[in-house]
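Here is the naming used below: chain letters follow the sequence lines, and residue numbers restart at 1 for every chain. The figures here come from the full heavy-atom set of this structure, side chains too, leaving out hydrogens, waters and symmetry mates.
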Number of protein chains: 2
Amino acid sequence: MQYAIIDRPNLADTVADAIREMIVDGRLADGERINEVQISAQLGVSRTPLREALNRLTADGSLFAKPRHGYFVSPLTADEFVQVYDLRPILDPAALRLAGPPRPAQLDKLEALNKKLDALQKPERVVACDDEWHRELLAHCPNRVLLDMIESMIRRTRRYELALMRERKRVLNAADTHRQIMTALRRGDLDRACAALERNMREGREPILEWLAARTKNGGTKKDAAA
Amino acid sequence: MQYAIIDRPNLADTVADAIREMIVDGRLADGERINEVQISAQLGVSRTPLREALNRLTADGSLFAKPRHGYFVSPLTADEFVQVYDLRPILDPAALRLAGPPRPAQLDKLEALNKKLDALQKPERVVACDDEWHRELLAHCPNRVLLDMIESMIRRTRRYELALMRERKRVLNAADTHRQIMTALRRGDLDRACAALERNMREGREPILEWLAARTKNGGTKKDAAA
DNA sequence: AGTTAGAAAACTGTATGCAGTATGCAATAA
DNA sequence: TTATTGCATACTGCATACAGTTTTCTAACT
């Protein structure tokens, strides 16, 4: 049997990534309706792979669909954010416990990522690096399903984090808490590591909540998603 | 603005349900490749809505896709089952804690469902009723995202539970553990309720694992899913 | 018999067309 | 001026057609 060396992705995969980009960087605004004809023309593909992509983005919560009305960019709401973000203090420590004691090489990688995190300035880079740090922290957790779940939570909150950091800069200062986690891990003190991890999550949460509260008082979203 | 009174689902939704059925009741076997032309003809729809449905089923793990080769029914593996099932002792108690103290009406409903569960015979009914009981238990959890996650875990393990119960009958005897949970809840003893809930999950796990182990020794799946 | 090359068939990925539904606008009535 | 009805337009849902790829079949060759 011949193995497929490269699994060249389908058009729909590429399109999905493109749309995700458009959402996180604001080219498709919060609450906006997706015009299939327009977007497909803009991307130079037909509606078929576009719709396949929209479908996937709906599955991961980036969009929602109203039958016969179309797809809409999910609005940023404090509700959704809180619910998603509150899960990570449950999921991440669970994954950390399952991962077992950290390997030295892993701790080195974490250290390096954390240094980088401290130095970075651009919001996209900061968020990406922070996410990378957390992925590395949990990399050896044997439960792939749990890791997938965490990954999807990360994707789902990225829009919020980016949106905030574009307005106020450098709010996220996770490097210190990360260091506490690493110290605890080095000592083999899993409980303390988990506690620090939970603190880390909570710290990321508050400034975004404040921003969301201030935001809805002024502008609000483009179109409310009445069910 | 005119509200949509009825949200008549799209064809793809209906098709997705149909395929899910075909998977859980074995008409589409474990590991089998989906022939789009054949299935779409069989269901009397075109490939377009069928593919949309397949896409959704891929998102929830019922199927997986190999680009340019097609969609395949995800095989039943002990690995996947363990990983999914092990998450519920993490997720369900968390949701239960968030739900707050139970309302009397809710306890009545749980009691009724549990009675029904004891009486039922047909595997489909037993599993559905057990799932319903758990949904009711967590119904008042305010974190919808968490509930969605649990729901997807339920869907993902249903195939395993059904497959087992069709061979050996009446292995699942959850009613007693359910009662322990309810008793603890009535007393307001959340810790004990959560402990019992965890036990409940573990009890469901073991017989299926044994069955899976015995199964792979004999038959195995139709086609292995080499990456 | 077993292997390999090539052609044919089958199937997936993508584009396009058409029908039915929603939406916005203009004309009419109050 | 405001509300309402009818119509034109735009868009989504679905079907179908086509192109490129994979799989299967066949047959020659070792």
Round to the nearest Å and state the distance from [X] atom [atom1] to [N] atom [atom2].
{"X": "B:K66", "N": "D:dT22", "atom1": "NZ", "atom2": "P", "value": "12 Å"}
{"X": "B:N35", "N": "C:dA9", "atom1": "CG", "atom2": "C1'", "value": "13 Å"}
{"X": "A:I34", "N": "D:dG13", "atom1": "CD1", "atom2": "P", "value": "13 Å"}
{"X": "B:N10", "N": "D:dT12", "atom1": "CG", "atom2": "C1'", "value": "9 Å"}
{"X": "A:E32", "N": "D:dC11", "atom1": "CD", "atom2": "P", "value": "13 Å"}
{"X": "B:H69", "N": "D:dG20", "atom1": "NE2", "atom2": "P", "value": "18 Å"}
{"X": "B:R68", "N": "D:dG20", "atom1": "CZ", "atom2": "P", "value": "13 Å"}
{"X": "B:E36", "N": "D:dT16", "atom1": "CD", "atom2": "P", "value": "15 Å"}

How would you list, by chain and number, every residue that makes a salt bridge (Lys or Arg N to Asp or Glu O under 4.0 Å) with A:D131, sequence neighbours excluded?
A:R158
With sequence neighbours excluded, what pairs up with A:R125 under the salt bridge (Lys or Arg N to Asp or Glu O under 4.0 Å) test?
none
Out of D:dA15, C:dC11, D:dT12, which nucleotide sits closest to the side chain of B:L11?
D:dA15
Sorted by number, residues from residues 40-59 of chain B placing a heavy atom under 4.0 Å from DNA chain C are B:R47, B:R51
Taking ring pair (Phe, Tyr, Trp, His ring centres under 6.0 Å) as the cut-off, I'd like each qualifying pair that reaches into residues 138-160 of chain B, sequence neighbours left out, listed once.
B:F81-B:Y160
Residues which pass ring-ring contact (aromatic ring centres under 6.0 Å, His included) with B:H178, listed by chain and number, not counting sequence neighbours
B:W133, B:H134
Can you pull out every side-chain hydrogen bond (donor to acceptor under 3.5 Å, both in side chains) where at least one residue sits in residues 86-96 of chain A? Sequence neighbours excluded, please.
A:D86-A:R205, A:R88-A:D92
Name the residue closer to the 5' end of DNA chain C, choosing between B:G70 and A:P67 according to the nucleotide with the nearest heavy atom.
B:G70
Of all heavy-atom pairs between A:L138 and A:L96, which one has the smallest distance, and what is that distance?
CD2-N, 3.7 Å
